[in-house]
Amino acid sequence: MLVINTVNELVKTAAALRGEGKTIGLVPTMGALHEGHLSLIRRAREENDVVFVSIFVNPVQFNNPDDLRKYPRTLDSDVQLIGDLADYVFAPSVEEVFPTPPTEEYHYGPVEEVMEGAARPGHFNGVGVIVGRLLKWTNPHKAYFGEKDYQQIAVIRQLVRICDIQSEIVPCPIVREPNGLAMSSRNRLLTPEQFELAANIHRILEASKQQPDVPQIKAFVESEIGKIDAFKLDYFEIADDLTLQTVNSLADAQGVMGFITVYVGEVRLIDNIRYK
Ligand code: PAF
């Protein structure tokens, strides 16, 4: 595996490989890699001739400076962990990606206006800025994203439509810790006690499947989360899995999912579950 630090080298390398008829898979990450990321990289490896992984803590998608400051940065161990699973790691500096402040403005429509989009103003524009650039520079046949960030995938699907990017967006299932907690780079910020407590998020969502319909599911989840002192619920929404607009009944859409964001102490964790 080779580490690339410049956009110029990334563009040249990817274009040359395309020219040789190779298929390219891209796994965009912000580093602090865990088994969830590795599952994306393995999938990319299976489905493409060449795999690029990007590692870049993208400042423009953080709406909270403290969150950006605390975000774990572990480039050396990330590169070690990837080893030969990927062919190239793109690990640029902030100045390399943003020699001047970005000016892209994306309007993705209703999928961005709810949940993370509403809770974190500017977040999805920042995601679009970096993912749009990575897709244009690498021009992969396929790009891989984890379903923990389910709304992010919906937004990126809109992005590729808006920008007429031909890459296929491949959603990949959530990978969980043995205790059920969805894997996330932010889990490293939890104390061992918070890590165990955080497993209740998935447990409560699973248990909520026993409830008959949306009002009862909402009441159940809100009340169960409220029973744990270390938790602060940011939102729990039950929504159509395509439009991401909230539903009042499970009968209102073909696919229905629950989306939750909980602060465990200072750490903001997200997860989701499918009801139908
Ligand atoms: O999901 C993430 O880790 C980030 O939002 C992404 C897609 C790598 C863009 O910075």
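Heavy atoms only: backbone and side chains are in, while hydrogens, waters and symmetry mates are out. Being a predicted model, the structure only gives us computed values, none of them experimental. Throughout, numbering of the chain's residues begins at 1 and tracks the sequence. Atoms within a ligand are numbered from 1 in the order they appear, just like the ligands themselves.
In this structure, F98 and F56 have tilted ring planes: the angle between them lies in the 30° to 60° band. Ring geometry for Y88 against F52 counts as parallel: the plane angle stays under 30°, on a 0 to 90° scale with 60° as the upper cut.
Summarising the geometry of L269 relative to A198, their closest heavy-atom pair is CD1-CB, 3.9 Å, with the distance given to 0.1 Å. Smallest separation of non-hydrogen atoms from T74 and A32: OG1-CA, 3.2 Å. A pairwise comparison of heavy atoms in V221 and I204 identifies CA-CG2, 4.0 Å as the closest pair.
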N/O to N/O under 3.5 Å, ligand 1 against protein:
from, atom 1, to, atom 2, distance (Å)
ligand 1, 1 (O), Q152, NE2, 2.8
ligand 1, 5 (O), Q61, NE2, 2.9
ligand 1, 5 (O), Q152, OE1, 2.7
ligand 1, 10 (O), Q61, OE1, 2.6

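Residues E35 and R42 are paired through a salt bridge, judged by an N-O separation under 4.0 Å between the basic side chain and the carboxylate.
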